[in-house]
Structure formats: C-alpha cells, structure tokens
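In what follows, a structure is listed as structure tokens, so that the remarks can point back to it.
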Protein chains: 2
Amino acid sequence: MIQLSSTEENYLKNIYRLLAEGGEKVGTNEIAALTGTKAASVSDMLKKLAEKQLLSYRKYHGVSLTEEGTKTALLILRRQRLWEVFLVEKLKFAWDEVAAIAEELEHVKAPVLVRRLDEYLGFPKFDPHGDPIPDEFGEWESSPRVLLQEVAPGKAGKVVAVTNSSAAFLSYLDKVGIYIGAKVEVLDKIEFDGSVELRIDGGKTVYLSREVAANLQVRLHPS
Amino acid sequence: MIQLSSTEENYLKNIYRLLAEGGEKVGTNEIAALTGTKAASVSDMLKKLAEKQLLSYRKYHGVSLTEEGTKTALLILRRQRLWEVFLVEKLKFAWDEVAAIAEELEHVKAPVLVRRLDEYLGFPKFDPHGDPIPDEFGEWESSPRVLLQEVAPGKAGKVVAVTNSSAAFLSYLDKVGIYIGAKVEVLDKIEFDGSVELRIDGGKTVYLSREVAANLQVRLHPS
DNA sequence: AATAAAATTTAGATTAGTCTAAAAATAAAT
DNA sequence: ATTTATTTTTAGACTAATCTAAATTTTATT
Ligand SMILES: [Mn+2]
Ligand SMILES: [Mn+2]
Ligand SMILES: [Mn+2]
Ligand SMILES: [Mn+2]
C-alpha cells in the first residue's frame, strides 16, 4: 500500500463515485468538473495514478479503477463516512453540515485511528446520508435501493440516500420535511411531467419534481 | 485572519514552543532541528511568515512572534490539545500514542468543529500531558503549581520549575534524569524521612530526598 | 585586530499540483 | 467522406515547500 497525498485520495474517491453512478469509464472533463480543476490538471493526475497502478488509462478514452484503486477508494469512503457519523451522532451537527469537514478529516490515515473510531461509534453500517460504510476490507452490506422516481404508486418505503449533496438540494429537502430515514409513500405519479405525489411520515403530502425524485433513493417496505 | 497552510502552522507552533521554553529569540538552526528540515528551508519560511506579520525577523538575528503570531500559535495548540483529549478520553488511546495523530487533526481549521469538540469534551482545561488548553481567545488558566514534596502518592504531573538553581542541584537532577517538562508520578512517600519514590517519564523509578522534593515545582495533571 | 568557526542566507534545483493556450485526437454533423 | 465541434493531451509557466552547495554575516578564539 503506497502512501497517497490528500489530493490523490480526492481524485480517487471522485473517480470511484463517477464510476458508481455512471458507466464503466469516466472522462477527463467529468472528473475536472467534480474535483473543481481543469482538464489539463486531471490529465497529469491520471498519468500519475495509472503509474501507481490505481487506475487503467488509455489516452483519450477515459479511465476505470483497478482492483487496487477500487479498494483504496473504498477505504477513503470508509473514513469519510465514519467521520460523518461522528459529526452527526456525537458533535450534533446537522446531516447537511458535515460534508466539508469530513472532506478534510478523511485524509488522516492512521489505521488504528479509523478502527478505534469505528468501534467508538458502534460499528455503524450507514452514514447520516444513508450511504453504506465499507469495512476495513472494503466490503459492505448491499441493500437493494430504488430511485423514488421508479417507485410505483401505492408503494411505501424509507429514504436511505440522496444522490445529490448540493446545499441547495439538501436545504430544499429540509424545507419540505424529507430526511434520511423518513417514511415516504407514493400516492400518485403525474404522467405529464414525471412528478410524484408523496406522503411524508404518514402526515403531510407534497409534490416532488422529477428532478428531485431522481435524486432520492428509498428502500421499499416489504409489501 | 489569513488562511495558513499546515506547513506554516507547524512552523508557527514550533517557534512558539521554542520561545516558550527558551529566551525571546529563536535561531534558524534551532527551528530546523525541531521541524525536521534544513536551515535553508527555514530561512525561506521565516521570510514568508514575516511577510504575513506573524513574526518579526531581523536577518541573522533570529525571530520572535508578533502578537498576531502568538495568538495564531495558541489556536493551533488549542486544536492539538483538544484532539489529544478526544483520543485519550473517548477513543482510549494511551497518552503517549496520541502525538502523531493529533499532529494531523490539528490542521482541520473549521472553527465550528473546534467549538463543538470542546463542548463535547466538557471544556477540558488540560490535555492528557498536563498542558493547558487555550480558549478561543488564546487564554488559559494558569494551573497552580505545587512542590513535589506536597504531591500525594498516585498523582502525576510535570516538572515546571526548580526553586534552587545551584549547579550542584541541577547536575544532580540531570544525573537522575529529571528536567523541566519531565512527567513525574509519585509512587510513594516514605514516612520515615519524607523522601519520595518517583517514576520519571513513565520509565525508571528513583528515590528523591525531602530536600530535593522541596525544591521541585510540578503542575499536577488533571485526574 | 586578525583569523577561524559557526550560524545564516542566497543561488539554483527539484517535486507536487495547478493553470492557460495551443496542438492533437475523437466524435458529431453535414 | 469531409468538415466541424468536442474532448483530451501537451507545452510551458507558476507557486509552495523542500534540498545541496556556495556565499555571507556573526561569534569565538587566538
Ligand atoms: Mn477530501
Ligand atoms: Mn455521506
Ligand atoms: Mn501538525
Ligand atoms: Mn499534549
């Protein structure tokens, strides 16, 4: 295991995320957009990470992570999510305030610290946003999730994750009363624009646009 | 308040420590030794920090911290020591295992994180090594000093001063391994002659006569 | 006071990470 | 199949932090 800089770790994590939601290759511009850099910088970094065997790279054709690269990315995600749990559970931050701070804490690499933190938190399986926390081998419990967009009317479930973590999106969710763990029931789907009529926690009902419904993951209740 | 890099913060903290134990100026070599760099690198950094008004610098004559520089150094020490408390109190690290990890955590600067951490820990006044934790204004409680003679068995502390500076006394201290800053733990007090059984730096134990114990001031660790 | 020793600074390089502008390759559109 | 547009890479430059080796300044010793 090679020592990586914080910068390299951030690239790796972001490439992992793009691969997880997209296809099997990610492009330079896509990475640049997510990391807040320019394509030229990304090209340089890709060469460096390929050199270190963390990703496979064919010029002009995008990259995918190697086995080793994936495992490394999962360890970074593990640290990020454990710190997020700490910040919310112990320091009483709101779930939409922790991103930037965990983004820094995740780069403290001492394995003994991560183990002790995990233990201290009671070996949580999910972070405050509903995302799974990999164990020290990069494994996690797979739980079937569906986009709210795909849920048929009449079905109910629980919000387990958001696929967009922008402050704008999170504060909107907060405003309408949606949070990780909220019980949601799809009352109707509007053909016209793909929006969803939703009952939250058995109480008030709201209409969510297709864009919003496409960024909420739910785990369906057994029915 | 200017944003400082982790490197700049480390220099600042180390210069503070050298000033605290030494005189009113520190030299380039001294800093290089403590930061694990070379004198040439230190020279460059001193120019940069002087530029930022954090220290006053006269070429070839060493540096001292400005008001602003001192305040900044204290905020870094605050973060370092709060994390040390966290690691020992919450994550159950031993007091001599926390240095390297806190050395990294201290550079996460988000003020809200530091406040919440402080609160979560119950606003501790001292770190696990007995060093005072500055508040957000850089102030700390000067903790009462006690003569080693007065310390009850079982208590631990840190040597902070000698009340006798004769060469004979000092060289005796040197011989048995006692110095300013040494961690000492009183194991027993002998009724018969008032002598003290002492463990030094968690290592060897010695017996000190009543005369010697009456000339050593310690600051007790919080217990 | 002159000389030798020690400490400090400068000169010139190197590495990581970034950028802009230009060149090259791929993909899309005529 | 050309031409155009988009994406990606390269070339060249910059900043932060570091180094070695040489020059300079201060301090100590004759
Ligand atoms: Mn990060
Ligand atoms: Mn998360
Ligand atoms: Mn540090
Ligand atoms: Mn300490």
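Only heavy atoms go into these numbers, but all of them, side chains included; no hydrogens, no water, no symmetry mates. Convention: sequence-line order gives letters A, B, ...; per-chain numbering from 1.
Going from atom CZ of B:R58 over to atom C1' of C:dT8 covers 13 Å, rounded to whole Å. For the pair B:E30 CD and C:dT8 P, the interatomic distance rounds to 8 Å; values are reported in whole Å. Protein atom CG of A:L46 is 13 Å distant from nucleotide atom C1' of D:dT7, rounded to whole Å. What separates CG of B:N10 from C1' of D:dT18 is a distance of 14 Å, to the nearest Å. The OH-P distance, from A:Y60 to C:dA24, rounds to 9 Å in whole Å. Rounded to whole angstrom, the span from the CG atom of B:D44 across to the C1' atom of C:dA13 amounts to 13 Å. Atom NZ of A:K25 and atom C1' of C:dA27 are 17 Å apart (whole Å). The separation between A:H61 atom NE2 and C:dT26 atom P is 5 Å, rounded to whole Å.
Of all non-hydrogen atoms in B:Q53 and B:E68, the two that sit nearest each other are O-CB, 4.2 Å.
Between A:K38 and C:dT20 there is a side-chain N or O to OP1 or OP2 distance below 4.0 Å. Phosphate contact (OP1/OP2 of C:dT9, side-chain N/O of B:Y57, threshold under 4.0 Å): present. For the OP1/OP2 pair of C:dT18 and a distance below 4.0 Å, the side-chain nitrogens and oxygens of A:Y11 include at least one atom meeting the criterion. Side-chain nitrogen and oxygen atoms of A:K59 include none within less than 4.0 Å of the OP1 or OP2 phosphate oxygen of C:dT26.
Between D:dC19, C:dC19, C:dA7, one nucleotide has an atom nearer to the side chain of B:N29 than all others, and that is C:dA7. Closest to the side chain of B:T7, from the set D:dT18, C:dT10, C:dT8, is D:dT18. Nearest nucleotide to the A:K47 side chain, out of D:dC19, D:dT10, C:dT8: D:dT10. For A:A40, whose side chain is taken as the heavy atoms from C-beta onward, the closest listed nucleotide among C:dT20, C:dT9, D:dT18 is C:dT20.
Among the protein residues, A:S41 comes within range of the nucleic acid bases, having at least one heavy atom under 4.0 Å from a base atom.
If you find the closest nucleotide of DNA chain C to A:S6 and to B:S43, the one lying nearer the 5' end belongs to B:S43. In terms of position on DNA chain D, the residue among B:A39 and A:A39 whose nearest nucleotide sits closer to the 5' end is A:A39.
For the pair B:K158 and B:F126, the cation does not sit on the ring face, since its NZ or CZ is not both under 6.0 Å from the ring centre and inside 45° of the axis.
Aromatic rings from A:F93 and A:F86 are positioned such that their centres are separated by 6.0 Å or more.
In this structure, B:Y172 OH and B:E211 CD are separated by 10.5 Å, a value rounded to the nearest 0.5 Å.
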- Query: Should A:T66 and A:S56 be marked as a side chain to side chain donor-acceptor pair (under 3.5 Å) after you check the CA-CA gap, both sets of side-chain angles, and the distance that decides it?
  - Reply: CA-CA 6 Å; A:T66 61; A:S56 53; over 6 Å; no

